[in-house]
Number of protein chains: 2
Amino acid sequence: MPPLPTRCAVDIGQLRVACSSCSLRELCLPAGFKAREMERIDGLVDQRRRVRKGEHLYRAGDPLTALYAIRSGFMKSCVLHEDGREQVAGFHMMGDLLGMDAIGGGHHMSDTMALEDSEVCEMPFTILERLSREFPPLQLQLHRVMSREIVRDYGVMLLLGSMKAEERLAAFLLNLSQRFAVRGYSPTEFNLRMTRQEIGSYLGLKLETVSRAFSSFHQHQLVEVRHRHVRILDPGGLKAVLGPVR
Amino acid sequence: MPPLPTRCAVDIGQLRVACSSCSLRELCLPAGFKAREMERIDGLVDQRRRVRKGEHLYRAGDPLTALYAIRSGFMKSCVLHEDGREQVAGFHMMGDLLGMDAIGGGHHMSDTMALEDSEVCEMPFTILERLSREFPPLQLQLHRVMSREIVRDYGVMLLLGSMKAEERLAAFLLNLSQRFAVRGYSPTEFNLRMTRQEIGSYLGLKLETVSRAFSSFHQHQLVEVRHRHVRILDPGGLKAVLGPVR
DNA sequence: GGCGCTTCTTGATATAGGTCAAATCGGGAG
DNA sequence: CTCCCGATTTGACCTATATCAAGAAGCGCC
């Protein structure tokens, strides 16, 4: 655990946040809101919260208080079996909305932890509910985000249920690449924020298998990997790993 | 394809349906609605629709028109890879709500097919949206159902990502058992509506492996299986397969 | 009531990925 | 700058599950 340069762990206080002037707006609230409408949304984010690397945003069992939009940083969500086995259920980056697992039962059903120092916007759920009632585009947006999470989950099932190791890793890299691209980062060169172990957990593989798959890609000139740094040399080739050309 | 005893395939017409008098009410709409509130909900179900065994309720690519509540029968949802590989993403029975995968993009992202003759209540999505805005308990219920689907998906990821073959099958049987119990059926004796192949797809296993796991359970006196008929002899033993006693 | 197709079971064998082990690399702490 | 520990890579070997194959058992259909 690194000593903390500033005093306290978790929050950076009551500073009001305006979604209307947030650079991530198109990610969080892609629907076409008019200026006057945006003002209403501004009441939604109660406060920002800082989560340091290794800290939890929430844990399984915590009561639902808010949903969270990632402003910066990188996080993972895990579900855990009683016997301690843990399964990474997703990796999250800026613009992603977290916490929807808690709506059903009032308590979070997964752990979410920062993989690097991160900042989230906290949206109290009661306010979100009320605003989305009064303001149809927000309602639609919330439904869309939850639906997309379901679709994403189906994709992970497909990956876990019917792909081989190298296909899984290729799918994983292409997914990361695409998400970085959407956020304005390079789709071909980035740093992984997670360990091989965490990638393996997400993909249903052991860390050694992940490592070997990386090496194989490297040999085939598909990617250049040095530890956490990845450069995709041949995106088409990677896609071909996924769906061998027919 | 069996010849159809009645003429047309899919719908049984405009007969208005009243949720308020539906025996499945507690499954679809578990929140405590008052009588006067229920009347409003009655406008939600546009019509019933009959889906025969082997027919699709919707397919990937179909535009979103409605969400569906299963009134009777049994269905499966599948996602498919371009190359034809198909992954069963879920099995559904009465009271389950279907179609939420289409909200995000306006089109369904999975196929849903009846595994036996079934009947669903069709809830036009626009009406659902409007009603849930005007009527907070319904909004809450919709959010809950979507959230629970997300949590269910996390459970499937855990299963696919970190369990062995027999653990997966035990988890599957216990899950079915519990869902039958909630619906008032025997939790220890039931008929499977799906093939070994479909179970295998759902669990990320080949049909032979599913068959062997059944045989193994049979040998260990945990269940009695004859083809599609299952009787759980030792629920505790099955749970122990999942989480070996520690 | 028999036929034929699909589903299921079971056995033999192959293999992808897991497990165990060791060496190397890097990055943070002091 | 150096030490130390966790992360990563790589190799050797093993095992759970897939694959291939052959019957057997149901079930719908005629």
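Order of the sequence lines sets the chain letters (A, B, ...), proteins ahead of strands, with each chain counted from 1.
- The separation between A:His229 atom NE2 and D:dT8 atom P is 15 Å, rounded to whole Å.
- Counting to the nearest Å, the P atom of D:dA18 and the CE atom of A:Met163 are 17 Å from each other.
- Side-chain nitrogen and oxygen atoms of B:Thr209 include none within less than 4.0 Å of the OP1 or OP2 phosphate oxygen of D:dT17.
- Rounded to a whole Å, the NE2 atom of A:His227 is 15 Å from the C1' atom of D:dC5.
- In the region residues 190-208 of chain A, proximity to DNA chain C at under 4.0 angstrom, judged on heavy atoms, holds for A:Gly204, A:Leu205, A:Lys206, A:Glu208.
- Straight-line distance from the CG atom of A:Leu115 to the C1' atom of D:dG6: 16 Å, rounded to whole Å.
- Ion pairing of B:Lys239 with A:Glu82 is absent here, as no side-chain N (NZ or NE/NH1/NH2) approaches a carboxylate O to less than 4.0 Å.
- Distance, B:Arg52 CZ to D:dG28 P: 15 Å, rounded to whole Å.
- In summary, of the residues considered (A:Arg228, A:Arg52, A:Arg193), a salt bridge (Lys or Arg N to Asp or Glu O under 4.0 Å) with A:Glu116 occurs for A:Arg193 alone.
- A:Glu198 and A:Lys76 are joined by a salt bridge, as a carboxylate oxygen and a charged side-chain nitrogen come within less than 4.0 angstrom of each other.
- Ionic pairing of A:Glu167 and B:Arg85 is present here: one or more N-O contacts between side-chain nitrogen and carboxylate oxygen are shorter than 4.0 angstrom.
- A donor-acceptor pair shorter than 3.5 Å cannot be found between the side chains of B:Ser77 and B:Ser110.
- Taking five base pairs at each end of the helix from C:dG1-D:dC30 to C:dG30-D:dC1, the local helix axes there meet at an angle of 60°, rounded to 10°.
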Check: Between B:Tyr185 and B:Phe190, does a ring-ring contact (aromatic ring centres under 6.0 Å, His included) hold up when you go through it step by step?
Finding: CA-CA 8 Å; B:Tyr185 297 111; B:Phe190 45 83; over 10 Å; no

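- A straight line from CZ of B:Arg168 to P of D:dA16 spans 14 Å, rounded to a whole angstrom.
- Atom CD of B:Glu166 and atom C1' of D:dT15 are 14 Å apart (whole Å).
- When all heavy atoms of A:Glu166 and A:Phe217 are compared, the closest pair comes out as O-CZ, 3.3 Å.
- For the pair A:Arg228 CZ and C:dG26 P, the computed distance is 13 Å after rounding to whole Å.
- Here the side chain of B:His107 pairs a donor or acceptor atom with the backbone of B:Gly61 at under 3.5 angstrom.
- Against DNA chain D, the stretch residues 210-223 of chain A makes heavy-atom approaches under 4.0 Å through A:Ser211, A:Arg212, A:Ser215.
- A:Glu189 and A:His229 form a side-chain donor-acceptor contact under 3.5 Å, judged by distance and modelled atom types alone.
- Electrostatic pairing of B:Arg179 and B:Asp96 counts as a salt bridge here, judged by a charged N lying under 4.0 Å from a carboxylate O.
- Between A:Lys53 and A:Asp117 there is no salt bridge, since no side-chain N of the basic residue sits under 4.0 Å from a carboxylate O of the acidic one.
- Distances shorter than 4.0 Å separate none of the side-chain N or O atoms of A:Arg226 from OP1 or OP2 on C:dC25.
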